[in-house]
There are 2 protein chains.
Amino acid sequence: MDNCFGDSMKNIGDIIRVAEQHCESRGTRLTKKRKHVLTALIESAKALSAYDLIDVCREKYGEDIPAMSVYRILEFLESENLVHKLSTASKYASCENIIGDKARCYSQFLICKSCSKVKEVGLKPTMIAELQATVKDASFKLVNPQLEMNCLCDDCA
Amino acid sequence: MDNCFGDSMKNIGDIIRVAEQHCESRGTRLTKKRKHVLTALIESAKALSAYDLIDVCREKYGEDIPAMSVYRILEFLESENLVHKLSTASKYASCENIIGDKARCYSQFLICKSCSKVKEVGLKPTMIAELQATVKDASFKLVNPQLEMNCLCDDCA
DNA sequence: TGCCTCAATGTTACATTATAACATCAAAAG
DNA sequence: CTTTTGATGTTATAATGTAACATTGAGGCA
Ligand SMILES: [Zn+2]
Ligand SMILES: [Zn+2]
Ligand SMILES: [Zn+2]
Ligand SMILES: [Zn+2]
């Protein structure tokens, strides 16, 4: 490994600050609860369900957020491109490009079906073009080009 | 349009017969209920939920299949590569390659998020190779290469 | 034929994921 | 301060999916 921190090298404070600025510049607010949900996702290497997040927020912040609110918060964070919904897993993961703002790029997600570990990887333009062409040939319009790949991580394989 | 039948050109009897032979050759059985569920999916241009299928089977075959059984039947049909589960939509679609047995190929599914119309398109080998490479670089193993694309069909766009 | 066995299906109960509808609270603006 | 609007709470319920155990039914064999 290159350093002694591994993935936890990422400075959460920095990411949150960027997320706050991002929201501010868009006229929205990263409230305390939204920040907690986002932080929980950033700190997790694994995708979490809405109900997982309820547990994490209770355990880590002593904060009881009802399911309905968690879903609304996730919807907000997704609309701000800070979080991605992984439909194949019914779980949520923080965007890995909050700093750098590549969030609008087309990503593929490698999701371990055993432990939910997730990795977000940008799609190459050539791939995007090919996917777009396929969709067009079939008379469909691509709405959300997010790809989710059903995988096993090396720990689980 | 090339002919007056459109997609309904596909001869369902032929497909079912191939599916039966396929099962027989694998030592499994395409029972009456399994056949009904499979037929319902083949006849539908749209992906259907398990509960949709309960309704279709009741309406078309006067047959009341409990939810648990429908899920088991879908699991069986998927294990035989006759049906695909579209996880992003929580719906199911018949394989479009039952005749020809390309079922083991890697497919991408274009799914209309408005009406659930679905099209199965084979992935080009170059695409598969690229996806595989990405997965490998990230230390994941690809389990199921199925791609699901969130689209709008031309009718709904 | 009658029994045996195992696959298929039924039944009941429940878990998980998600949304609708309406009430309340709180921050920013005037 | 009040108004306004966005954010959150509350309650109920819908939609999707699974666990556990019971029953049925189709083939194989005495
Ligand atoms: Zn992202
Ligand atoms: Zn794993
Ligand atoms: Zn197929
Ligand atoms: Zn459509």
Side-chain angles (χ1 to χ4, degrees), chain A residues 19-20 23-38 40-41 46-58 61-80 82-93 111 113-114 116 148 150, chain B residues 19-20 23-24 26-38 40-41 46-58 61-80 82-93 111 113 116 148 150:
Chain A
E20 264 172 331
C23 288
E24 206 171 331
S25 76
R26 302 199 358 119
T28 60
R29 286 186 308 142
L30 194 63
T31 63
K32 191 178 87 176
K33 304 203 172 197
R34 287 170 175 173
K35 208 178 295 184
H36 285 169
V37 169
L38 178 57
L41 285 174
K46 309 185 174 188
L48 300 176
S49 75
Y51 289 84
D52 290 339
L53 282 163
I54 292 174
D55 296 340
V56 172
C57 285
R58 181 170 37 238
Y61 308 107
E63 190 172 51
D64 242 309
I65 312 181
M68 189 66 252
S69 292
V70 170
Y71 278 106
R72 279 188 293 224
I73 288 169
L74 287 168
E75 184 183 33
F76 169 81
L77 294 172
E78 225 200 334
S79 76
E80 296 293 340
L82 299 170
V83 158
H84 300 289
K85 166 161 190 175
L86 305 178
S87 301
T88 57
S90 295
K91 292 184 192 301
Y92 303 81
I111 308 166
K113 72 166 179 171
S114 168
S116 296
E148 302 176 32
N150 185 14
Chain B
E20 265 174 329
C23 289
E24 206 171 333
R26 302 201 354 123
T28 60
R29 284 186 309 142
L30 194 63
T31 64
K32 192 178 88 177
K33 301 202 172 195
R34 288 171 175 173
K35 208 179 295 184
H36 284 169
V37 169
L38 178 57
L41 285 173
K46 309 187 174 185
L48 301 175
S49 74
Y51 288 84
D52 291 339
L53 282 163
I54 291 174
D55 296 340
V56 172
C57 284
R58 181 169 38 240
Y61 307 108
E63 190 173 47
D64 243 307
I65 311 182
M68 189 67 251
S69 292
V70 170
Y71 278 106
R72 280 189 292 226
I73 286 168
L74 288 168
E75 184 184 32
F76 168 82
L77 294 171
E78 224 199 335
S79 75
E80 297 293 339
L82 299 170
V83 157
H84 300 290
K85 167 160 189 172
L86 305 177
S87 301
T88 57
S90 295
K91 292 184 194 299
Y92 304 81
I111 308 166
K113 72 166 180 171
S116 296
E148 300 175 33
N150 186 12

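If you're wondering where the values come from, they're calculated on a predicted model, not measured in any experiment. In what follows, chains are A, B, ... by sequence order, proteins preceding strands, each numbered from 1.
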Just the rounded figure in Å: distance from P of D/dT8 to OH of A/Y71.
17 Å
Can you measure B/K35 atom NZ to C/dA8 atom C1' for me and round it to whole angstrom units?
15 Å
Is there a donor-acceptor pair closer than 3.5 Å between any side-chain N or O of B/E148 and the backbone N or O of B/T88?
yes
Would you find a donor on one side and an acceptor on the other, under 3.5 Å apart, between the side chain of B/T28 and the backbone of B/C23?
yes
Name the closest nucleotide to the A/I73 side chain, picking from D/dT11, C/dT17, D/dT8.
D/dT8
When rounded to whole Å, the CG to P distance for the pair A/L30 and D/dA7 reads 11 Å
Between C/dC6 atom P and B/R29 atom CZ, what is the distance in whole Å?
15 Å
Heavy-atom donor-acceptor pair, A/R72 side-chain to D/dG9 base, under 3.5 Å
yes
Atom-to-atom span, CE of B/M68 to P of D/dT18 - whole angstrom
7 Å
Thinking salt bridges, do B/E80 and B/R26 make one under a 4.0 Å N-O criterion?
yes
Is any side-chain nitrogen or oxygen of A/K33 closer than 4.0 Å to OP1 or OP2 of D/dG9?
yes
Do the side-chain N or O atoms of B/S90 get closer than 4.0 angstrom to the phosphate oxygens (OP1, OP2) of D/dG17?
yes
Whole angstrom is fine here: how far is it from CZ in B/R34 over to P in C/dA8?
4 Å
With heavy atoms under 4.0 Å as the rule, sort A/T28 into base, sugar-phosphate or nothing.
nothing
Does A/Y51 get its side chain close enough to the base of C/dA15, under 3.5 Å, for a donor-acceptor pair?
no
Tell me the interatomic distance from B/L53, atom CG, to C/dT9, atom C1', rounded to whole angstroms.
17 Å
Tell me whether the side-chain N/O atoms of A/S69 come closer than 4.0 Å to OP1 or OP2 in D/dG9.
yes
Are A/Y71 and A/F76 side-chain neighbours, meaning at least one heavy-atom pair lies under 4.5 Å?
no
Between B/S87 and A/P66, the residue closer to the 5' end of DNA chain D by nearest nucleotide is A/P66
On the nucleotide C/dA8, are OP1 or OP2 found under 4.0 Å from the side-chain N or O atoms that B/K32 carries?
no
CD1 of B/I54 versus P of C/dT11: gap in Å, rounded?
13 Å
So, does A/R34 use its side chain to make a donor-acceptor pair with the main chain of A/R29 at under 3.5 Å?
yes
